[in-house]
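Have a look at the structure below before the remarks.
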Amino acid sequence: MSAFPGTGILARLALRRERGIAPWWILLIVAMALVMVNYINTNMATYELKLGYLDVINGNAFLHALGGGVVEPRVEVLATWRSGGFLYVASAFAALMSVIRHTRREEDAGRSELVLSCTVGRDAPLTAALLVAGGISLIGGILTAVVLIGIGFEVTGSLAYGAAITVAGWVFGGIGAVAAQLVRSAHTATTIGLTTLAVAYVLRFAGDASGQSWMTWLSPVGWSHLVRPYQDERWWMLGVSVLVAVILYAVAYRLLGRRDLGSGLFPERLGRESAPELRGPISLAWRLHRGLLAKWVVGVAAFAAVGGALSPLTRDLLSRPSIVVDNITHFLGMPAGAGMLSAYVWYLILILAYAVALYPVLMTLRLRAEETSGRAETLQSTPMTRLRWAAGHLVVTGLGTAVLMAVAGLAFGLVYSLLVGDLATDLPTFLAGALSTIPAAWCVGAVSVLAYGVLPRASVAISWLAWILTAALGQVAGPLYGLWGGSPAEPFHYVANPMTGTPFNPLPTLALTALTALLATGGLLALRRRDFGL
C-alpha cells in the first residue's frame, strides 16, 4: 500500500491546473537563454568586442553584479552571465508559486478538506505539489541544456547550466512548502516566499558588487551562480542546493504533521471590528490593497533611487567614446551626444513603468480571487452591489498605479538631481516623465478588467499574457531581438519621451485614457450581466 495514497491522482490534477501556467514559464526560461546567445553573437561578434565589453563590466560594480561571478570573453560565458541571474530567479519564482498554489491556496478555498475526506493521505497534497513544482524546474533546466547543446555549446557546461536552473527551483519549492505550513493564508505564505527570494537575490547581488563573497554563499540564488557553468563546473555546489532542498522538504512534512488542517503554526492576528468609515466600496478596497501597495511603493522607490545613484557612473561611461559604448547606446536607442544621459534616464523610467503595469493586473486578479473564494458573494447580501464593489477596487487600483509612478519619478529625480543635475529643473521633468506613462499602465490593467468581466475562468491567463506581451514587445525588451522602438501593439509605444524636450502632445494620452475607460466599462457591464461565482 502506498505511503502517500492519492498522490498520483492529486499530481495529475495539479498538472491539469498548471497547463495554462507552467508551459509559459518553461518557454520563458528557454527563450531567454537563446535570446542572450543571439544578443552576444549579434553585438559582440569579434573577440575584441568581447574584451571591450568585459572591460566595461569589470569597471562597473553594478554591471558586474547583474550576472555575478567571473566573466570571460567567450560567447557561452557571456550569454549565461547575462541570462543566469534572471533564469535562476524565474525558476525559483515558478516553483515557489506552484507549491503555494497547490497547498495553502487549496486549503484557503476549502478544497483540501473535501479531498482529504476521501482515501487520500494527509501528506499527499504536499507531495503532489512538490513533485509538480520540481518537475517544472527540471523540464525548464533540461530543455535549456538541450537547446544550448543543439546550437553548439559544450555538453558539460550546458548540463551544468540546466542543472543550476533546476536546483534553484527545487530550493524555493521547499521554501514555499515551509511557508505554507507556517501561516494560514496563501497571501501571507506568498509574501514570506517572495520576501525570501528578494533577500536571496539582494544578498547575491551585494556579494558580487562589493566583492564580499560570503554574501553570495549565504544566498540560495547565489548557489546556482557558484556552479560556474562553462568554466570550472562546480558540481558539488549542486549537491549543496539539493541537500538544502531535501532538508526544507523534511521540515515542511514535519510542520504539516504538527498543525490542524486550514490553520498555520503561527497564530493568526485578529482583525479589528469594522468601523462605519470602512463599509463603503472604496474604503473596503483600500483596506484590502494598502498592504501590497505599501510594498510596491518601497520596491519602486528603491529601484528608482538605485537608478539615480548610477547616473554619475553612466555619465562617465557614456563620455568615453568606444565601440562598446556605441553598442550600448544603440541597444538603448540613445541619440548621440549630450542627449545620451537623458535617453538612459528615460530607459530606466520605462523599465519601472513596464513593471508597474503589472500592479493593476494583479489587483484585477484579486477581484477574481475574492469572487471564487465566496467573500465577494457574501458582500452581495448587503446594499453593496457587485458593480459598486468592483468599481471601488478599480478606483483604488487606478490611484495606486498613479502613486507608484509618482514615487518613481520623485525618487529617481531627487537622487539624480542631487548627484548630477539641478533640483529645480530636473525633478519636475522626471516627475512629468513618470506620470506620462500612467495611461499606458492603466490600459494594460483595463485589458484584465475586460477579461475578468467577459471570460472570468480564462481571465488569469489572459491577464498575464497581456502584461507579458506588453513587456516583450516594448521598448525595453524589444531591442534584445531587434525590435527597436517597441511595437505599435503595446500601449507604451505611444508615450513620448519628455526628456528630449519634445513638446507635449495630449492626443496619445487622451486616446489611451479613452481606450482604458472603454475596456474597463465593458468589463464592468459584462460583470453586471453574467452569473457571479463562475
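Keep in mind that the numbers below use all heavy atoms, side chains included, and drop hydrogens, waters and symmetry copies.
In this structure, Tyr416 and Phe430 have tilted ring planes: the angle between them lies in the 30° to 60° band. Ring-plane geometry between Tyr354 and Phe492 is classed as tilted, the angle between the planes lying from 30 to 60 degrees on a 0 to 90 degree scale. Aromatic ring pairs are classed by plane angle as parallel below 30°, tilted from 30° to 60° and perpendicular above 60°; the pair His393 and His289 is perpendicular.
In plain terms, the two heavy atoms of Ala285 and Val396 that are nearest each other are CB-CG2, 3.8 Å. Summarising the geometry of Ala446 relative to Thr516, their closest heavy-atom pair is CB-O, 3.6 Å, with the distance given to 0.1 Å. Nearest heavy-atom pair across Leu292 and Met363 is CD2-CE, 2.9 Å. Among all heavy-atom pairs drawn from Ala357 and Val444, the shortest one is O-CG1, 4.1 Å. Annotation for Ser98 and Val132: closest pair OG-CG1, 4.3 Å, computed over non-hydrogen atoms.
A side chain to side chain contact (heavy atoms under 4.5 Å, CB included) with Arg104 is found for one member of Glu107, Arg101, His102, Glu106 and no other, namely Glu107.
When side chains are defined from C-beta on, Val403 does not count as touching Trp296, because their heavy atoms never get closer than 4.5 Å. Put simply, the side chain of Thr127 reaches to within 4.5 Å of the side chain of Tyr253, judged on heavy atoms. Counting heavy atoms from C-beta outward, Gln181 and Leu126 have side chains that approach closer than 4.5 Å.
Geometric assessment of Arg530 against the ring of Tyr452 yields a positive cation-pi assignment under the 6.0 Å and 45° thresholds.
If you look at Trp170 and Tyr249, their ring centroids are not closer than 6.0 Å.
Proximity of a side-chain donor or acceptor of Tyr201 to a complementary backbone N or O of Ser219 within less than 3.5 Å is not detected.
From Ser224, atom OG reaches atom CG of Leu87 across 10.5 Å, with rounding to the nearest 0.5 Å.
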